[in-house]
Amino acid sequence: MGRPRPAEAAGRPIGVFSSLRAELGVLIVVATILAFVIAWLLSLCGINGWMAMPMTIIITLAFIYFTSRGLTRPLGQMRDAAEAMAQGDYSVRVHLNKDSNDEIGQLAESFNAMADDLEHADQMRRDMIANVSHELRTPVSSLQAMVENMADGVVEPTPANMENILKQTHRLSDLISFLLDMSRVEAGASSLELEQINVAQLIDGTVGPLEYADAGHGHTIEQRVPDDLVVEGDEARLRQLLTNIIANALKHSHDGTAVLVEAHADEHRDHVIINVVNFGSDIPKEVRNDIFRRFAKGTSGPGTESGGTGLGLSIARWAAKLHGGTVQVVDDPRGVDFEITLPVRHPGPQRTGVPAAGKHTDAAYDGQ
């Protein structure tokens with residue numbers, strides 16, 4: 001953006017304290033002692049008191065001014081960096097000496113961490129726009145070509161050709177659903193229809209369509225789920241959660257391999273734990289949390305189709321949070337293991353007995 005970067009902060013004489021109050025207190029004490037010493041020296045030199053007072057004040061104020069610059073310079077840097085970020089430049093950072101341990105130093109570190117996240121999110125947003133544009137252009141161009149050929153009589157509207165058109169419309173529908181879900185994540189403005197859900201039936205109903213869509217890749221989805229597991233939640237959101245996690249496992253599995261879906265209750269029987277395991281290479285620990293960021297896309301790999309919009313896992317974590325649960329990648333010698341933890345009873349506020357189905361807004365459960 002052409003803006004100058006904040007310069008490296010000069011040495012801070014009293015920046016080693018862990019409290020800004022302590023630094024200011026030391027500065028006041030030192031300034032008071034300095035004023036007393038200057039006044040005493042001037043009196044020893046025989047300088048009149050009316051002349052000694054302004055000289056003492058000027059010298060003391062100059063000392064305070066130059067000494068306090070180290071305290072206020074990071075605030076000026078943060079102001080300049082905030083102005084640059086407001087104009088879209090997320091590369092600016094606040095530079096401090098390593099001995100800045102007070103609240104200003106901590107604020108600068110938090111500011112830089114926020115700038116890192118914003119820069120990452122901005123880059124992911126740009127990538128997502130490019131990816132979605134590409135993904136939309138492909139089915140739209142294909143649909144346009146097929147419909148134009150049919151209209152011109154070049155291609156007959158056979159069942160096979162109509163099936164191809166239907167597949168392209170499904171791709172468009174999926175992309176639009178992803179974008180709508182992303183807007184809900186941003187606004188936190190969807191609702192939950194709470195009811196008692198049998199986990200085995202939910203997983204079985206989720207696996208069926210995925211197996212059908214994955215028929216050309218030879219994957220098998222093995223289920224190990226007891227019939228008596230029940231959770232309270234929104235069936236549509238939980239199905240969306242499971243669909244995104246299982247589809248991700250299929251996407252990154254070699255053709256002809258298996259994906260395992262197993263579930264059990266924890267030792268207190270107040271949470272249900274669902275594990276989705278695809279047998280293959282593991283995900284490094286340092287990137288396990290990053291893959292749940294919006295617009296983040298994993299590396300291309302074997303399976304159905306690598307790539308995508310980079311929203312599936314982010315939406316899955318969002319759906320889990322709506323139910324007071326979590327999604328994470330855990331260590332598993334068998335391969336990549338996505339562990340979903342859901343409370344048996346939805347942790348809604350002021351609960352005195354929830355009917356079979358009731359509406360609750362996301363704002364209360366989003367955990368934001």
Side-chain angles (χ1 to χ4, degrees), residues 169-170 172-213 221 223 225-250 261-266 268-276 292 294 308-309 311-328 338-368:
T169 58
H170 285 166
L172 286 173
S173 177
D174 291 341
L175 283 170
I176 292 171
S177 296
F178 271 130
L179 294 175
L180 289 175
D181 288 330
M182 182 184 65
S183 67
R184 293 190 183 104
V185 172
E186 294 286 351
S190 62
S191 60
L192 295 180
E193 294 283 351
L194 298 182
E195 57 183 314
Q196 297 296 320
I197 301 172
N198 182 278
V199 177
Q201 295 177 4
L202 175 68
I203 293 176
D204 188 63
T206 303
V207 166
L210 291 174
E211 287 181 323
Y212 178 80
I221 303 178
Q223 302 179 51
V225 185
D227 294 331
D228 59 345
L229 291 181
V230 177
V231 297
E232 186 178 67
D234 185 295
E235 182 175 357
R237 290 295 171 207
L238 292 179
R239 190 180 301 277
Q240 181 183 40
L241 162 62
L242 291 169
T243 297
N244 289 355
I245 296 296
I246 299 173
N248 180 79
L250 293 171
V261 182
E262 56 185 5
H264 64 276
D266 67 354
H268 302 293
R269 301 198 65 82
D270 54 2
H271 285 82
V272 169
I273 300 173
I274 304 172
N275 295 88
V276 179
F292 291 98
R294 282 165 294 189
T309 59
L311 292 172
L313 293 180
S314 174
I315 292 171
R317 173 167 282 187
W318 167 69
K321 283 185 177 181
L322 291 180
H323 291 81
T326 60
V327 180
Q328 60 182 336
F338 282 81
E339 184 174 275
I340 305 168
T341 303
L342 297 171
V344 171
R345 186 172 175 80
H346 191 281
Q350 299 178 357
R351 300 178 63 90
T352 57
V354 177
K359 279 194 175 181
H360 301 270
T361 58
D362 290 352
Y365 314 121
D366 201 8
Q368 300 296 327

Look at the side chain of [X] and the backbone N and O of [Y], then say whether any donor-acceptor pair between them is shorter than 3.5 Å.
X: Asp234; Y: Glu193; value: yes
X: Asn198; Y: Asp227; value: yes
X: Glu262; Y: Asn275; value: no
X: Arg317; Y: Val327; value: yes
X: His264; Y: Pro226; value: no
X: His346; Y: Gly324; value: no

Restricting to non-hydrogen atoms, name the atom on [X] and the atom on [Y] that form the minimum distance, rounded to 0.1 Å.
X: Pro347; Y: His323; result: CD-O, 3.5 Å
X: Ala319; Y: Leu241; result: CB-CB, 4.0 Å
X: Val225; Y: Ala200; result: CG1-CA, 3.7 Å

So, taking the atom named [atom1] in [X] and the one named [atom2] in [Y], what distance separates them when rounded to the nearest 0.5 Å?
X: Gln196; Y: Arg345; atom1: CD; atom2: CZ; result: 8.0 Å
X: Ile245; Y: Thr206; atom1: CD1; atom2: OG1; result: 12.0 Å
X: Ile274; Y: Leu202; atom1: CD1; atom2: CG; result: 7.0 Å
X: Thr326; Y: Ile273; atom1: OG1; atom2: CD1; result: 8.5 Å
X: Leu229; Y: Arg269; atom1: CG; atom2: CZ; result: 6.5 Å
X: Leu194; Y: Arg237; atom1: CG; atom2: CZ; result: 12.5 Å

Please examine the side chains of Asn244 and Leu313, heavy atoms only from C-beta on, and report whether any two atoms are closer than 4.5 Å.
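Leu313 vs Asn244: side chains apart.
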Is there side-chain contact between Leu342 and Leu238, with heavy atoms separated by less than 4.5 Å?
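Touching, per the 4.5 Å side-chain cut-off.
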What pairs with Asn248 under side-chain hydrogen bond (donor to acceptor under 3.5 Å, both in side chains), at least two apart in sequence or on another chain?
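For Asn248 there are no side-chain hydrogen bond (donor to acceptor under 3.5 Å, both in side chains) partners, ignoring immediate neighbours.
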Listed partners of Val207 passing side chain to side chain contact (heavy atoms under 4.5 Å, CB included), at least two apart
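Scan of Val207 (side chain to side chain contact (heavy atoms under 4.5 Å, CB included), adjacent residues dropped) gives Ile203, Glu211, Ile221, Gln223, Ile246.
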Do other residues, nucleotides or ligands put more than 12 heavy atoms under 6.0 Å from the CG atom of Asp270?
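Yes - once you tally the heavy atoms of other residues, nucleotides and ligands closer than 6.0 Å, there are more than 12.
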